[in-house]
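Taking it in order: structure first as structure tokens, then the write-up.
As the structure is a prediction and not an experimental result, all values here were calculated from the model.
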Number of protein chains: 2
Amino acid sequence: MITPSAEVSGIPEQSPGSALSQSTTNRVTINDVAQAAGVSVSTVSKVVNARYGVAPSTMERVLQVIAELGYETSLVASSLRSSRTNIIGILVAEFEPFALELLNGISATLRGTQYDLMAYAGNLAPGGRAGWEHRSLSRLGGTLIDGAIIVTPTVEIPHSSVPVIAIDPHAGTSGPAAIDVDNFGGAKTATEHLISLGHRRIGHIKGRSDLKSAHLRESGYRQALQDAGISYDPQLVHDGDYQRDLAAIAATDLLTLPQPPTAIFAANDLSALSAIETAKSLGLNVPNDLSVIGFDDIPEAAQSKPTLSTVRQPMHEMGATAVTLLLSMLAGEEVTQPAQMPASLIPRESTATAPQP
Amino acid sequence: MITPSAEVSGIPEQSPGSALSQSTTNRVTINDVAQAAGVSVSTVSKVVNARYGVAPSTMERVLQVIAELGYETSLVASSLRSSRTNIIGILVAEFEPFALELLNGISATLRGTQYDLMAYAGNLAPGGRAGWEHRSLSRLGGTLIDGAIIVTPTVEIPHSSVPVIAIDPHAGTSGPAAIDVDNFGGAKTATEHLISLGHRRIGHIKGRSDLKSAHLRESGYRQALQDAGISYDPQLVHDGDYQRDLAAIAATDLLTLPQPPTAIFAANDLSALSAIETAKSLGLNVPNDLSVIGFDDIPEAAQSKPTLSTVRQPMHEMGATAVTLLLSMLAGEEVTQPAQMPASLIPRESTATAPQP
DNA sequence: CTGTTAGCGCATTCAG
DNA sequence: CTGAATGCGCTAACAG
């Protein structure tokens, strides 16, 4: 999308041969400005931060030099000195679809506020040990960012020097204020959808067993089966770990059973999409031979062939809620109550009535 | 730290017995560790950075304390001192779909490297002036990040203290190494698609006239017409500015011509979707009465009714290429040649054979 | 091997 | 009104 940044008054054209334009590589610091303007560093600082106590003439001259040199305060240096930065940090393990959708909602909600947004992926480097949450929070908090939103933390978030909101926390509930989706209810709805289509033999590809959401989704699945009077068959439940490749193995195992399921509820969309591919490669038609439903509603779900039926997490709203809560915490209010968002069924093409035996 | 907004009324902050300021758990600094371990700060620093010259026994003790206190080096402080941070910065105006898709590709490409990723939206605050590119780059570069990828800059990127890659730059070509899509070729392909469906009277909704991409897309359109021996009719080309509302006006003008077009190539998907809505409101059926094709392939394109035919920008690949180029720049190689990615036709439901007169 | 000494760029007292 | 001095948390010389 094109940003409508109306460039009404252009930047002052800096003539190429300008003697002021410094040679190259080095950043323009407050010292350069002070020297060029013939004032002290502290005066420049006052001008930049709009403090009182500077003569208009001095102020004007300094501003002139700042414009010419294209000086901007270093985020790093200033945040080291003063506690306030006006930056909200989003801490993620990596930028996967879920985090990106969240980011979208967060960015939109933050637009027009005084805050800028910084998203940090702190678990990209190899040997990515667990505990990226604490590390990122500790490395950025207290200095670079005024508050943090942590996406899908898998461990308890410890005490922090800045306000923190957790989105979709996978560990216990004793941490900071948290926002998540109704995993149990959503999984139950998904399974009920399959049951209502006439399926009786329904497989499940589980999520990461160390995560709370995975257990809740499995519970929802089992509850729906039980409510419908369908007995639970352990053979129909395999581990997918929320990952594409492992889900493919799980799907293969399920579909090569002597009596394979006619439908699969995968714990997330990634697994579901992987299951569809696996089914295709085994010569099965989705949804005629096999129905598949996922969980999340990532963008890819609407673009697959067939399009993926799923349960939607309102990621945009979750991001917006997180921002709202965080802003009120930054305003000094106490926020501790967790928020749970509803999950909604999105039926698409990958689910259909059960094949007649 | 929370600053009560009593500053205005002149009340001195930090009241003497303020137990509140003590309640916020302060960050653990290297000083705390040094003190607790009974060593000097520099020794701790050496341990943290795995430098040689520390006795095993000391090292062990320090590590023990670090673990107990949960200490992590402050990104801000360390990056202020040492130039290397192992962080790549992605600079965007805000997190909109295009940037997010890019981020996805960038994150995936960076996984397993030594670098972490920091994305910064520097144009969220109100009064977001143009020139966020320079400001963000100046505020982060040289200290916080080792290199930067700037997404859709609209102004020239000035000299910088760190390596920079621009993705989809909308201004001139004299800046840093740049990556964009084949706007001309893509537009030509889109128009040829319409021609191959039998359309001869093809309208065009232009993009923002101050942007290079808009001109290239119009050129591609005209080239395709010329190649097919169709004469160019200025009446069929209106300005849409890449925006929804202006595109709607343009579409209305086009469709109420005495001899309206049977197909429209819009300069971006947003305009195309707007044109479809306009056509519907005029009682036209898309694609039977009017074919519409866009440019970009934003996620919404696959979810509209009818789904939108378009030309796809390979955003994932563009992000990956940006990372590759940047990494080689960081490795000391000289990279200046721009990279151009291919655009590919994505035919969907909004285009069909021309209606028989 | 370890501690001491300088700053990195900036904001903030406190004297002139 | 202005500038010199101090320190934020940390790393990199250099001494001891």
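- You'll find that the side chain of S42(A) is closest to dT12(C), out of dT2(D), dA11(C), dT12(C).
- Around CD of Q35(A), the count of heavy atoms belonging to other residues, nucleotides or ligands within 6.0 Å does not exceed 12.
- T143(A) comes within 4.0 angstrom of no nucleic acid atom, judged by non-hydrogen atoms across all strands.
- With dT12(C), dT2(C), dG3(D) as the choices, the nucleotide that has an atom nearest any side-chain atom of S82(A) turns out to be dT12(C).
- Listed nucleotides dG3(C), dT12(C), dG3(D) differ in distance to R81(A); the shortest reach to its side chain belongs to dT12(C).
- Counting non-hydrogen atoms under 4.0 angstrom, V76(B) reaches nothing in the nucleic acid.
- Checking dG3(D), dA11(C), dC10(C) against every side-chain atom of R27(A), the shortest atom distance belongs to dC10(C).
- Comparing dG3(D), dC1(C), dC10(D) by their closest approach to the side chain of A55(B) singles out dC1(C).
- S45(A) comes within 4.0 angstrom of a base, heavy atoms only.
- Of the two residues near DNA chain C, P56(B) and A77(A), the one whose nearest nucleotide lies more 5' is P56(B).
- Here T58(B) lies in heavy-atom contact (under 4.0 Å) with sugar-phosphate atoms only.
- Between the CD1 atom in I149(B) and the CD1 atom in I165(B) there is a gap of 7.0 Å [rounded to 0.5 Å].
- With dG9(C), dC1(C), dG3(D) as the candidates, the nucleotide lying closest to the side chain of L80(A) is dG9(C).
- Looking at the side chain of Y71(B), the nearest of the listed nucleotides dC10(C), dG3(D), dC10(D) is dC10(D).
- Remark on DNA chain D: of its neighbouring residues V28(B) and V54(A), the 5'-side contact belongs to V54(A), judged by nearest-heavy-atom nucleotide.
- Among the nucleotides dC10(C), dA11(C), dG9(D), the one closest to the side chain of T29(A) is dC10(C).
- Heavy atoms of V39(A) sit under 4.0 angstrom from primed sugar atoms or phosphate atoms, though from no base atom.
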Q: Test side-chain hydrogen bond (donor to acceptor under 3.5 Å, both in side chains) on D146(B) and Y115(B) and set out the steps.
A: CA-CA 9 Å; D146(B) 288 349; Y115(B) 291 98; 4.7 Å; no
